[in-house]
Structures are given as structure tokens and as C-alpha cells.
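A short worksheet on the structure shown next.
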Amino acid sequence: MSPHDPELWAGFDEMTPEDVAGPVWDEPVPLNPRGELPTFPVDALPGWLGAMAGGVAEETQTPVDLAGCLALAVIGTAAGGRITVNVRGQWSEPVNIYTAVALPPGNRKSAVFGLMIKPLLAAEQALIELTEGQRAEASAAALISKAAAEKAAAKAANAEPDKRAELTAQATSLAQEARRAVVPAEPQLVADDVTAESLTTLLAQQDGRISVLSPEGEIFEIIAGRYSGVPNMGIFLKGHAGDMARVNRQARDAQHIENPALTMGLAVQPEVLDSIGQIKGADGRGLLARFLYSKPESFVGRRNLTPELLAAATAADYTQKVGHLALTFAAWSEPIALTLTPEADAVLLAYQRVTEARLDKGGSLRPVINWASKRDGAVARIAGLLHLATHPADAWTRPIAADTMAAATRLGDYFTAHALDVFNAMKADPAQEAAHTLLTHLRETRTATFTKRDLFRAVPRGDFPVMSDLDPALTLLEEHGWVRQQPPPPRTTRGGRPPSPRYETHPRTTPGT
């Protein structure tokens with residue numbers, strides 16, 4: 001039969017592309033796009049600090065983001081409350097910061113914290129030993145004053161009427177002197193699991209500065225009201241801004257902190273970071289806007305089991321410089337303001353213009369306006385920290401240079417990208433993350449068709465404990481056109497369990513299959 005014979009092609013005119021190749025796929029709609037987040041720019045840190053962060057990350061096989069963020073918090077701990085950055089006019093920023101890094105369990109967070117914080121703990125112990133004599137002397141003086149006041153009060157109480165007024169005045173004076181006697185608290189630089197009340201007390205005892213550095217991040221539960229039942233974030237707000245804190249409680253002396261400087265360096269599980277937006281008032285009162293966020297990709301499952309070990313010289317240099325900074329600033333009673341060179345001011349001003357433009361309606365920072373409104377201030381704080389690390393011996397005698405400010409803006413861009421992702425996750429449909437997990441699995445395994453049962457067997461049980469947990473994510477993937485369910489086969493009369501729903505994936509998901 002000739003190929004031009006009409007009988008050969010009879011009926012083909014009525015056929016559609018779908019009859020030949022199946023239903024046509026529409027262009028899929030992206031899931032709430034996250035994109036690949038940038039890695040912490042460790043080269044923005046001064047040499048010795050970057051070398052330590054990089055070396056710790058390599059030996060522990062953890063993302064450098066964790067050690068990098070912690071490096072900034074460590075410098076902030078050493079300098080907290082003693083250094084500010086005078087940006088322009090009346091605009092001044094303290095150099096304490098809040099960082100929060102999201103990593104799942106099993107990422108050796110405690111090991112990273114142990115290595116990065118060790119010099120601070122050593123400096124803390126040195127301060128305890130150096131002030132031991134002073135504290136012992138103050139304690140003895142306080143006991144003597146109290147005993148003298150009690151003896152004078154007893155003498156006045158038993159005095160003859162003509163002498164009682166004079167002895168009472170003496171007893172009153174001694175009682176006032178005893179009350180003014182203060183025994184300095186044992187020095188402390190770092191705290192961990194503390195309540196808001198005990199944190200306030202620590203700040204009062206430690207001359208207005210303390211740091212919370214924790215690989216667990218339980219502080220968010222405490223802020224949310226683990227102990228009190230209601231959110232308690234006042235001291236966390238004031239401790240970042242440096243606003244005066246005055247606390248009056250029944251049966252306690254009033255606590256007055258003129259310029260509190262709280263530093264926080266936390267590691268939390270990703271779901272904690274995604275859910276902190278649920279803390280009542282956390283966004284509206286500005287708590288969430290005070291954190292610098294990081295959501296690095298975990299290395300678990302692809303770690304180098306024989307990594308390069310942290311060089312002893314790198315660790316020693318880090319220990320010496322951090323210890324020097326901590327001990328130097330512990331001896332200061334008044335803060336010193338750093339200034340900017342004209343060139344550094346120009347770099348920051350250019351960065352401010354970008355921030356301002358992106359805060360306008362339709363701008364990329366508009367959805368995180370509360371956080372982004374503090375972005376420029378955070379960059380100024382980071383610049384102060386980088387400056388201290390660049391010139392640990394005499395940073396307070398020179399202004400912040402342009403290249404230091406430029407490095408701070410690079411870190412500002414890094415934290416901006418991660419903040420956008422964090423706030424996006426806070427507002428996202430809970431099915432979004434699960435849908436991302438499934439789509440990533442389908443892409444990596446190049447799965448063209450699958451049954452729901454087979455998919456359940458293949459995905460991590462921690463993400464989908466029971467098969468019904470797949471339903472919201474599969475529905476979202478269907479709505480966005482990434483998968484579609486095939487028509488079920490005809491039912492037989494033999495009964496039995498119905499077949500598991502079968503799906504096919506969009507060709508864009510598995511190119512080349």
C-alpha cells in the first residue's frame with residue numbers, strides 16, 4: 001500500500017497530541033521559590049578569625065556558616081558594652097549582635113561551640129582569679145560594716161534617753177554604709193540556659209554585659225514563656241538596643257542597668273527558626289528583626305571522614321587574640337566610640353541607599369521591612385566587630401576603614417538573603433516544605449512515574465512518619481503542575497486492596513529520562 005493511500009491515514013485527522021503522547025504538560029508553577037542561599041563569606045573576616053572559622057568547619061565537617069556566625073558573636077562577647085560605632089551625627093550602634101544558625105541534629109554543633117568559645121571561658125576563669133582578692137576584701141568589708149551597724153543599733157536601742165538620739169544617728173549612718181557595701185559578683189562572660197529574670201540579674205551583676213552562646217537554642221522557648229506561661233522578651237529587646245532597663249520586683253532590690261549589652265550566638269533546629277514567628281508579639285515588638293539568621297545546608301551524609309585537622313598555630317593565635325580582647329575590655333569602665341573614615345562612611349551611605357530603595361513598595365526588602373529597617377545598623381555593628389578583629393591591639397585608636405566597611409556590607413548581603421528565606425518560611429503553608437522535600441527527591445532520583453506507596457517507602461521517615469503525611473505535599477505539587485495522578489486501572493471483581501495511586505512527574509523534573 002502506498003504511503004499516499006488515503007485508507008492508510010483514515011481516522012488520524014481526528015487524533016489529538018494527547019492521544020499519541022498522553023496529556024500535554026503545562027508549564028509548572030514554581031513552588032514558593034527559595035533559590036540557593038549564599039555560603040558565609042569567611043574571607044570577609046580578618047585573616048586570623050577567618051582561618052579559625054574555616055579550620056573549625058573543616059575539622060568538624062560542618063558548614064562554615066556556623067563557625068563564622070559564632071566568630072562574630074565571640075568578638076561581640078569580648079567587646080560587648082565597651083565599644084560603640086558612631087556612624088554619623090547622633091547615630092551610634094553598640095557592637096553586640098544576635099545570631100541564629102539553623103542546623104538539624106547530628107551536625108556537631110557542640111563541637112563547634114566548644115572550639116570557638118574556649119578562649120572566652122579561659123578569659124572568664126582568668127578574670128575570676130584576678131579579682132579574687134578584690135572580692136574577698138569587699139566581702140570582708142561588707143561583713144564588718146554589717147556587724148558594726150548591728151552593734152550600733154543594739155547600743156542605741158539600750159541607751160539612756162538623753163543619749164539615744166546621738167547613738168541612733170550613728171547607727172543610721174553605719175546602716176547606710178553597710179547597705180552601700182557591694183560585693184562584686186564573680187566575673188562571667190558567657191551564659192547558656194537562663195530565664196529572662198536571671199538574665200536581667202546577670203546583666204546587673206556583670207556591669208551591663210553578658211552573652212548567651214548555646215548550641216541548643218532553647219532561649220526561644222524561654223522567650224516564648226516556658227516558665228512564665230507568657231512571652232517575656234523585654235530584656236532581650238533592651239539588651240540588643242542598649243536601652244536602660246529598670247526592674248522592680250516584690251521582695252527584691254530594684255535592678256537598674258544603664259546600657260545593657262547582650263550578645264547572642266545560637267544554633268537551633270530549622271523547625272524552631274521556622275516557628276519563632278508564632279511567639280506572640282515577637283514580630284510586632286521587633287524581636288525577630290534583631291537577629292541575623294543563617295540557614296546553611298547540612299553536610300550530614302556527605303562528610304569527609306578524614307578531614308584536615310585544625311592547625312595548632314591557628315588555634316593558638318585565635319586563643320591569644322580573643323583572650324586579649326576579652327581581658328582588655330573587662331578592665332574598662334566606660335565605652336569608647338569608634339568613628340568611620342570618610343571613605344568608610346561613603347561605603348555605608350551607598351549601602352543605605354540600596355536598602356532604602358528596596359524598602360519602597362514593590363521592593364525586594366518590603367516583605368521583611370521590620371528586619372530590613374535594622375539592616376544598615378547591623379552592618380555598622382559588624383563593621384565594628386571586624387575592625388576590632390583587624391586591629392586587636394589598638395582598634396580604639398583608629399577609625400574604621402573603607403575595606404572593613406565593604407567586608408561588613410558583604411556579610412550584610414549574606415544575612416539579608418538568609419533572612420528573606422527565614423521570614424518566607426515563617427509565613428509559608430506547612431505543606432510548602434514537604435512539597436520541596438518531595439520535589440527534591442523526585443529530581444535527585446530522576447523518578448518519571450511512581451506510586452504513592454513506593455514514594456512513602458523511599459522518603460525519610462522523619463519527614464513523613466505515616467503515608468497520609470504525603471497527601472498535602474502531593475496535592476500542592478499537583479496544583480503547581482509538577483506531578484499528576486494517572487487514572488486508576490479498572491477495578492476487578494476479585495476484591496482486595498485497591499492499587500496505590502500512581503503519579504507521573506513533569507518532564508522538567510526529570511530532564512533526559
Side-chain angles (χ1 to χ4, degrees), residues 41 44-46 49 68-69 71-99 207-211 237-244 258-265 286 289-292 321-322 325-326 328-330 332-356 371-416:
L45 301 178
L49 193 59
C69 289
L72 293 174
V74 165
I75 302 301
T77 300
R82 302 299 184 266
I83 292 290
T84 61
V85 177
N86 181 249
V87 181
R88 203 177 301 124
Q90 299 302 307
W91 179 15
S92 182
E93 294 283 348
V95 297
N96 55 301
I97 59 171
Y98 293 0
T99 64
D207 199 20
R209 70 170 186 172
I210 196 68
S211 179
L237 299 176
K238 293 179 178 180
H240 182 273
D243 294 336
M244 184 186 71
E258 188 67 32
N259 298 114
L262 174 62
T263 297
M264 288 203 280
R290 284 163 164 76
F291 277 89
L292 300 173
K321 286 184 169 65
V322 169
L325 285 170
T328 296
F329 293 126
W332 290 13
S333 58
E334 296 294 331
I336 285 184
L338 301 175
T339 59
L340 310 183
T341 63
E343 295 79 9
D345 181 63
V347 171
L348 182 57
L349 186 57
Y351 196 76
Q352 287 180 257
R353 291 193 179 104
V354 172
T355 300
E356 192 66 19
W371 185 92
S373 295
K374 295 184 179 296
R375 185 173 91 136
D376 301 332
V379 166
R381 294 184 185 216
I382 292 170
L385 295 175
L386 297 182
H387 180 71
L388 292 176
T390 302
H391 308 286
D394 61 353
W396 44 93
T397 67
R398 60 179 80 199
I400 297 173
D403 57 350
T404 299
M405 185 61 72
T409 63
R410 289 182 59 204
L411 286 162
D413 287 341
Y414 163 83
F415 286 119
T416 299

Q. Taking side chain as C-beta onward, heavy atoms only, is Val347 less than 4.5 Å from Tyr351?
A. no
Q) Minimum heavy-atom separation for Val95 to Ala79, with atom names? A) CG2-CB, 4.1 Å
Q | Exercise: identify the closest heavy-atom pair between Pro41 and Arg410 | A | CB-NH2, 3.4 Å
Q: Supply the atom-to-atom distance Leu385 CG to Thr404 OG1, rounded to the nearest 0.5 angstrom.
A: 11.5 Å
Q.
Does any part of the side chain of Leu340, heavy atoms only, come nearer than 4.5 Å to the side chain of Val85, both counted from C-beta?
A. yes
Q.
I need the Ile83 CD1 to Ile75 CD1 distance, nearest 0.5 Å.
A. 12.0 Å
**Q.** Non-hydrogen side-chain atoms of Met405 and Glu343 separated by less than 4.5 Å
**A.** no
Q. Which heavy atom of Glu93 sits nearest a heavy atom of Ala380, and at what distance?
A. CG-CB, 4.1 Å
Q) Minimum heavy-atom separation for Gly81 to Pro335, with atom names? A) O-CB, 3.8 Å
Q | Atom pair CG (Asn96) and CZ (Arg82), whose distance is rounded to the nearest 0.5 Å | A | 11.5 Å
Q) Do Leu72 and Leu292 come close enough that some side-chain heavy atom pair is under 4.5 Å? A) no
Q) Would you say Leu262 and Tyr98 make side-chain contact, with heavy atoms under 4.5 Å? A) yes
**Q.** Residues in salt bridge (charged side-chain N to carboxylate O under 4.0 Å, His left out) contact with Lys321, at least two apart in sequence or another chain
**A.** Asp317
(Q) Ring centres under 6.0 Å, that's the criterion: do Trp396 and Phe329 meet it? (A) yes
Q. If you measure from CZ on Arg381 to OG1 on Thr84, what distance do you get to the nearest 0.5 Å?
A. 10.5 Å
Q: Look up atom SG in Cys69 and atom CZ in Phe291, then write down how far apart they are to the nearest 0.5 Å.
A: 12.0 Å
Q) Between atom OG1 of Thr355 and atom CZ of Arg375, what is the distance when rounded to the nearest 0.5 Å? A) 3.5 Å
Q: Evaluate the side-chain proximity of Val379 to Phe415: yes if any heavy-atom separation is below 4.5 Å, no if none is.
A: no
(Q) Any non-hydrogen side-chain atom of Leu386 less than 4.5 Å from a side-chain atom of Pro46? (A) yes
Q) Any sub-3.5 Å donor-acceptor pair from His387's side-chain atoms to Arg398's backbone N or O? A) yes
**Q.** Non-hydrogen atoms of Ala241 and Arg290 that approach each other most closely
**A.** CB-NH2, 4.1 Å
Q: Search all heavy atoms of Val87 against all heavy atoms of Asp345 and return the closest pair with its distance.
A: O-OD1, 4.0 Å
Q. Ion pair present between Arg353 and Asp376, side-chain N to carboxylate O less than 4.0 angstrom?
A. no
